[in-house]
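To start, the structure under review is shown below, and the notes come after it.
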Amino acid sequence: MLNIVIFGAPGSGKGTQSERIVEKFGLNHISTGDVLRTEIKNGTELGMIAKGYIDQGLLIPDDLMISILASVLDNFKDSKGVIFDGFPRTIAQAEELKKMLAERGQEVSLMIDLDVPEEELMIRLIKRGKESGRADDNEETIKKRLLVYQTQTAPLVDWYKKEGKYCHIEGYGRLEEITAQITEGIKRVAK
Ligand code: AMP
């Protein structure tokens, strides 16, 4: 089974590239951001809790996020593989994902790090906010999310390097070229 973590700062193109990779490799897609936004839209209790964090640009606490991921993961028991988009975002989440997959006789095959300069991230996110109306894509919250990324999420680069799963991708350029590079990386680990 192919388990791909697609990684990068907010606005790095994780969602867009995930959609393309899912199509190419026939994988299932878990976007924790989308899961949370659906809960908010449906007005669930979980959605109300999540909204408080998302609107402030903060991460949902690890315990809660891990239990959400576990329940989503069980929907894909017979899958060819999963692309994890937006999870893990902390070392605790990465350790837990490793454990959860090991319990199912699996592992992360590759972590793809979409590397995009911060000025470009700001431009993309402000534009996305105007087009999609996503409440957390406003300048103040974007700055907070980028800071949270640097402090809490970026340390996962070294964590996955130590695991021998790291794949760096230049995430600033033509969409097709980026997809081609990701595809090459995945083909190397696909059995
Ligand atoms: P995203 O769509 O991936 O940018 O996620 C939007 C927001 O959802 C983030 O800014 C966080 O508040 C929350 N979120 C999504 N995934 C996670 C995660 N793995 N851990 C904690 N919070 C998350």
Side-chain angles (χ1 to χ4, degrees), residues 1-22 25 27-77 79 81-104 106-114 116 121 124-125 128-129 132 134-137 141-142 144-157 159-160 165 171 182:
M1 216 172 131
L2 207 50
N3 290 305
I4 307 294
V5 169
I6 191 145
F7 185 83
S12 58
K14 298 188 294 293
T16 307
Q17 292 297 339
S18 292
E19 281 170 22
R20 300 176 137 233
I21 299 305
V22 157
F25 291 90
L27 304 176
N28 288 106
H29 179 202
I30 299 180
S31 156
T32 45
D34 283 350
V35 170
L36 297 169
R37 281 185 288 276
T38 302
E39 294 287 335
I40 294 172
K41 210 171 88 197
N42 293 341
T44 66
E45 199 186 327
L46 171 60
M48 303 223 312
I49 298 169
K51 189 172 168 20
Y53 292 98
I54 292 176
D55 286 354
Q56 290 183 70
L58 298 172
L59 296 183
I60 275 68
D62 283 335
D63 286 358
L64 182 57
M65 205 61 235
I66 287 162
S67 70
I68 296 169
L69 198 270
S71 64
V72 179
L73 197 56
D74 280 331
N75 296 335
F76 298 124
K77 276 192 182 120
S79 160
V82 172
I83 183 152
F84 294 91
D85 163 7
F87 189 100
R89 264 176 153 100
T90 62
I91 303 256
Q93 291 181 14
E95 281 169 350
E96 202 55 43
L97 179 61
K98 187 176 178 179
K99 229 164 72 190
M100 269 191 262
L101 291 176
E103 281 163 7
R104 293 162 174 79
Q106 297 173 37
E107 60 177 5
V108 166
S109 316
L110 196 66
M111 184 266 224
I112 290 166
D113 179 17
L114 289 175
V116 177
L121 295 172
R124 286 186 192 178
L125 290 167
R128 187 172 77 183
S132 75
R134 237 179 88 163
D136 57 345
D137 282 343
T141 313
I142 291 168
K144 186 73 172 289
R145 285 158 64 210
L146 292 175
L147 188 66
V148 165
Y149 170 79
Q150 284 306 335
T151 51
Q152 293 181 260
T153 307
L156 284 172
V157 166
W159 195 89
Y160 277 106
K165 310 285 187 190
I182 297 173

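Bear in mind that the values here come from a model prediction, so they are computed numbers and not experimental data. Hydrogens, waters and symmetry mates play no part in the numbers below; they use all other heavy atoms, side chains included.
Just one of Val82, Val108, Leu27 meets the side-chain contact (heavy atoms from CB on, under 4.5 Å) condition when paired with Ile4; it is Leu27.
Proximity of Leu69 to Ile30: side-chain heavy atoms (C-beta onward) are separated by under 4.5 Å at one or more points. Under the 4.5 Å side-chain criterion, counting only non-hydrogen atoms from C-beta, Trp159 is in contact with Lys98. Contact of the Leu114 side chain with the Gln17 side chain is registered, since non-hydrogen atoms from C-beta on lie closer than 4.5 Å.
With sequence neighbours excluded, the residues satisfying side-chain contact (heavy atoms from CB on, under 4.5 Å) with Ala70 are Met100. Looking at residues two or more places apart in sequence or on another chain, you find a side-chain contact (heavy atoms from CB on, under 4.5 Å) between Ala50 and Leu36, Ile54, Ile60.
In this structure a side-chain-to-backbone donor-acceptor pair under 3.5 Å is present from Lys14 to Gly8. Distance alone, capped at 3.5 Å, is enough to place a donor-acceptor pair between the Ser67 side chain and the Leu64 backbone. In this structure, Ser12 contributes its side chain and Val116 its backbone to no donor-acceptor pair below 3.5 Å. With hydrogens and angles disregarded, a donor-acceptor distance shorter than 3.5 Å links the side chain of Asn3 to the backbone of Glu107.
The 12-atom threshold is not exceeded at OH of Tyr53, counting heavy atoms of other residues, nucleotides or ligands nearer than 6.0 Å.
Closest approach of Ile6 to Ser18, counting heavy atoms only: CG2-OG, 3.3 Å. Shown here for Ala9 and Leu146, the closest heavy-atom pair between the two residues is CB-CD2, 4.3 Å. In plain terms, the two heavy atoms of Arg37 and Ser31 that are nearest each other are NH2-OG, 4.5 Å. In this structure, Leu156 and Ala94 approach most closely via the heavy-atom pair CD2-CB, 3.5 Å. The shortest heavy-atom contact between Tyr160 and Pro88 is OH-CG, 3.3 Å.
Under the 4.0 Å criterion applied to side-chain N and carboxylate O atoms, Arg104 and Asp74 are assigned as salt-bridge partners. A salt bridge does not link Asp55 with Lys144: none of the charged nitrogens is closer than 4.0 Å to a carboxylate oxygen.
Within the model, atoms CD1 of Ile83 and CD1 of Ile21 stand 6.0 Å from one another, a figure rounded to the nearest 0.5 Å.
A side-chain donor from one of Glu39 and Thr44 sits under 3.5 Å from a side-chain acceptor of the other.
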(request) Verify side-chain contact (heavy atoms from CB on, under 4.5 Å) between Val72 and Phe84, making sure each step is shown before the conclusion. (result) CA-CA 11 Å; Val72 179; Phe84 294 91; over 6 Å; no
(request) Give the intermediate values and the outcome of salt bridge (Lys or Arg N to Asp or Glu O under 4.0 Å) for residues Asp137 and Arg124. (result) CA-CA 10 Å; Asp137 282 343; Arg124 286 186 192 178; over 6 Å; no
(request) Evaluate the side-chain contact (heavy atoms from CB on, under 4.5 Å) criterion for residues Met65 and Leu59: first the C-alpha distance (whole Å), next the side-chain angles of each, then the deciding distance (0.1 Å), finally the verdict. (result) CA-CA 9 Å; Met65 205 61 235; Leu59 296 183; over 6 Å; no
(request) Begin from the C-alpha positions of Val5 and Leu97 and carry the test side-chain contact (heavy atoms from CB on, under 4.5 Å) through to its verdict. (result) CA-CA 10 Å; Val5 169; Leu97 179 61; 4.1 Å; yes
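Within the structure, salt bridge (Lys or Arg N to Asp or Glu O under 4.0 Å) contacts touching residues 84-97 (residues at least two apart or in different chains) are Glu96-Lys99.
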